[in-house]
Amino acid sequence: MAKFALGQVVRHRVHPFRGVVFDVDPSFNNTEEWWESIPEESRPRKDQPFYHLLAENETTYYVAYVSEQNLVSDDSGEPVDHPEVAEMFGPLDEGGRRYAVEGHLH
(Lines give C-alpha, C1' and ligand atoms only; values in the text may rest on other atoms or scores of the structure.)
Protein backbone atom coordinates (compact mmCIF):
# COMPACT_ATOMS: atom_id res chain seq x y z
CA MET A 1 0.00 0.00 0.00
CA ALA A 2 1.26 3.45 -0.92
CA LYS A 3 2.50 5.69 1.88
CA PHE A 4 1.84 8.95 0.00
CA ALA A 5 -1.44 10.06 -1.57
CA LEU A 6 -2.40 11.84 -4.77
CA GLY A 7 -2.00 15.57 -4.28
CA GLN A 8 0.45 15.17 -1.39
CA VAL A 9 3.51 17.43 -1.27
CA VAL A 10 6.72 15.42 -0.83
CA ARG A 11 10.44 15.97 -1.06
CA HIS A 12 13.33 13.71 -1.98
CA ARG A 13 15.25 12.26 0.94
CA VAL A 14 18.66 12.96 -0.67
CA HIS A 15 18.35 15.25 -3.70
CA PRO A 16 17.20 18.89 -3.44
CA PHE A 17 13.77 18.71 -5.04
CA ARG A 18 10.14 18.52 -4.01
CA GLY A 19 6.88 17.90 -5.81
CA VAL A 20 3.25 16.84 -5.85
CA VAL A 21 2.21 13.20 -6.31
CA PHE A 22 0.02 12.82 -9.42
CA ASP A 23 0.19 9.06 -9.96
CA VAL A 24 1.38 5.96 -8.10
CA ASP A 25 2.62 2.63 -9.41
CA PRO A 26 2.32 -0.22 -6.85
CA SER A 27 5.79 -1.37 -7.93
CA PHE A 28 8.45 -0.31 -10.45
CA ASN A 29 6.91 0.31 -13.87
CA ASN A 30 9.51 2.07 -15.96
CA THR A 31 12.11 0.96 -18.51
CA GLU A 32 15.16 -1.14 -17.74
CA GLU A 33 17.21 1.63 -19.39
CA TRP A 34 15.88 4.10 -16.79
CA TRP A 35 16.67 1.58 -14.02
CA GLU A 36 20.21 0.96 -15.29
CA SER A 37 20.88 4.72 -15.45
CA ILE A 38 20.74 4.89 -11.63
CA PRO A 39 24.12 4.21 -10.01
CA GLU A 40 24.01 0.67 -8.65
CA GLU A 41 24.82 1.71 -5.08
CA SER A 42 21.77 3.99 -4.96
CA ARG A 43 19.27 1.94 -7.00
CA PRO A 44 16.03 1.48 -5.06
CA ARG A 45 14.23 -1.84 -4.78
CA LYS A 46 11.61 -2.48 -7.48
CA ASP A 47 9.09 -4.08 -5.09
CA GLN A 48 7.77 -0.85 -3.57
CA PRO A 49 5.48 1.95 -4.73
CA PHE A 50 6.93 4.43 -7.22
CA TYR A 51 5.52 7.94 -7.48
CA HIS A 52 5.09 10.27 -10.43
CA LEU A 53 5.72 13.82 -9.24
CA LEU A 54 5.26 17.28 -10.65
CA ALA A 55 8.69 18.24 -9.38
CA GLU A 56 10.71 21.39 -8.94
CA ASN A 57 14.15 22.39 -7.80
CA GLU A 58 15.82 25.79 -7.61
CA THR A 59 16.22 26.08 -11.38
CA THR A 60 13.55 24.07 -13.21
CA TYR A 61 10.24 22.18 -13.29
CA TYR A 62 9.99 18.58 -14.46
CA VAL A 63 8.27 15.23 -13.94
CA ALA A 64 10.10 12.83 -11.60
CA TYR A 65 9.66 9.11 -10.97
CA VAL A 66 10.73 8.29 -7.42
CA SER A 67 10.66 5.22 -5.18
CA GLU A 68 8.82 5.39 -1.89
CA GLN A 69 12.04 4.79 0.08
CA ASN A 70 13.46 8.04 -1.33
CA LEU A 71 10.53 10.29 -0.41
CA VAL A 72 9.47 12.04 2.77
CA SER A 73 6.49 14.26 3.47
CA ASP A 74 7.22 17.94 2.85
CA ASP A 75 6.05 19.84 5.91
CA SER A 76 7.27 23.27 4.79
CA GLY A 77 3.73 24.44 4.00
CA GLU A 78 5.06 26.13 0.86
CA PRO A 79 3.12 25.73 -2.40
CA VAL A 80 4.72 23.86 -5.30
CA ASP A 81 5.18 26.28 -8.21
CA HIS A 82 5.23 23.68 -11.01
CA PRO A 83 2.92 25.13 -13.72
CA GLU A 84 0.91 21.91 -14.13
CA VAL A 85 -0.15 21.80 -10.47
CA ALA A 86 -2.97 24.29 -11.09
CA GLU A 87 -4.15 22.25 -14.12
CA MET A 88 -4.28 18.94 -12.21
CA PHE A 89 -5.28 19.93 -8.69
CA GLY A 90 -7.47 22.19 -6.66
CA PRO A 91 -6.23 24.42 -3.84
CA LEU A 92 -3.55 23.55 -1.31
CA ASP A 93 -4.98 22.65 2.10
CA GLU A 94 -4.48 24.94 5.08
CA GLY A 95 -1.52 22.95 6.37
CA GLY A 96 0.22 23.20 3.01
CA ARG A 97 0.68 19.43 2.79
CA ARG A 98 -1.81 18.34 0.14
CA TYR A 99 -3.57 19.67 -2.93
CA ALA A 100 -7.24 18.91 -3.49
CA VAL A 101 -7.86 16.15 -6.04
CA GLU A 102 -10.87 17.26 -8.05
CA GLY A 103 -11.37 14.52 -10.61
CA HIS A 104 -8.76 15.86 -13.04
CA LEU A 105 -6.56 12.80 -12.68
CA HIS A 106 -6.96 9.50 -14.49
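Being a predicted model, the structure only gives us computed values, none of them experimental.
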Just wondering, do [Y] and [X] contact through their side chains at under 4.5 Å, heavy atoms?
X: D25; Y: P49; value: no
X: V9; Y: D75; value: no
X: L92; Y: P79; value: yes
X: L54; Y: V80; value: no

Verify same cluster id: [X], [Y] (apolar side-chain graph, 4.5 Å):
X: Y61; Y: L53; value: no
X: V85; Y: V24; value: yes
X: M88; Y: V66; value: yes

Which residue, Q48, K3, R13, forms the side-chain hydrogen bond (donor to acceptor under 3.5 Å, both in side chains) with Q69?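 When Q48, K3, R13 are each tested with Q69, the side-chain hydrogen bond (donor to acceptor under 3.5 Å, both in side chains) holds only for Q48.
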side-chain hydrogen bond (donor to acceptor under 3.5 Å, both in side chains), paired with D74, selected from H12, R18, Q8, R11: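 Exactly one option meets the side-chain hydrogen bond (donor to acceptor under 3.5 Å, both in side chains) with D74, and it is R18.
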Transitive ILVMFWY cluster of F28, excluding itself - 4.5 Å side-chain cut-off: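 Answer for F28: W34, W35, I38, F50, Y65.
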Tell me who clusters with V72, hydrophobic residues only, linked when side chains sit under 4.5 Å apart either directly or through other members.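 Traced through the cluster, V72 reaches no other member.
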Given F22 and Y51, is the ring-ring contact (aromatic ring centres under 6.0 Å, His included) satisfied, shown in steps? CA-CA 8 Å; F22 72 90; Y51 298 84; over 10 Å; no
Residues in salt bridge (charged side-chain N to carboxylate O under 4.0 Å, His left out) contact with E68, at least two apart in sequence or another chain: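 For E68, no residue satisfies salt bridge (charged side-chain N to carboxylate O under 4.0 Å, His left out) once neighbours in sequence are set aside.
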Supply the atom-to-atom distance [X] [atom1] to [Y] [atom2], rounded to the nearest 0.5 angstrom.
X: R45; Y: R43; atom1: CZ; atom2: CZ; result: 15.0 Å
X: R98; Y: F4; atom1: CZ; atom2: CZ; result: 12.0 Å
X: H82; Y: E87; atom1: NE2; atom2: CD; result: 9.5 Å

Has E33 got more than 12 heavy atoms of other residues, nucleotides or ligands less than 6.0 Å from its CD?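 12 or below, so no.
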Count the heavy atoms belonging to other residues, nucleotides or ligands that lie under 6.0 Å from CD of E36, then report whether that count exceeds 12.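 More than 12 within 6.0 Å, yes.
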Would you please say whether a donor-acceptor pair under 3.5 Å links the side chains of H15 and N57?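 No, N57 and H15 have no side-chain donor paired with an acceptor closer than 3.5 Å.
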Might you point out which heavy atoms bring A55 and F17 nearest each other, and give the distance in Å?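 Shortest heavy-atom separation between A55 and F17 comes out as CB-CD1, 4.0 Å.
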Looking only at non-hydrogen atoms, find the nearest pair between D47 and S27 and report the distance.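 Result for this residue pair: CA-CB, 4.5 Å.
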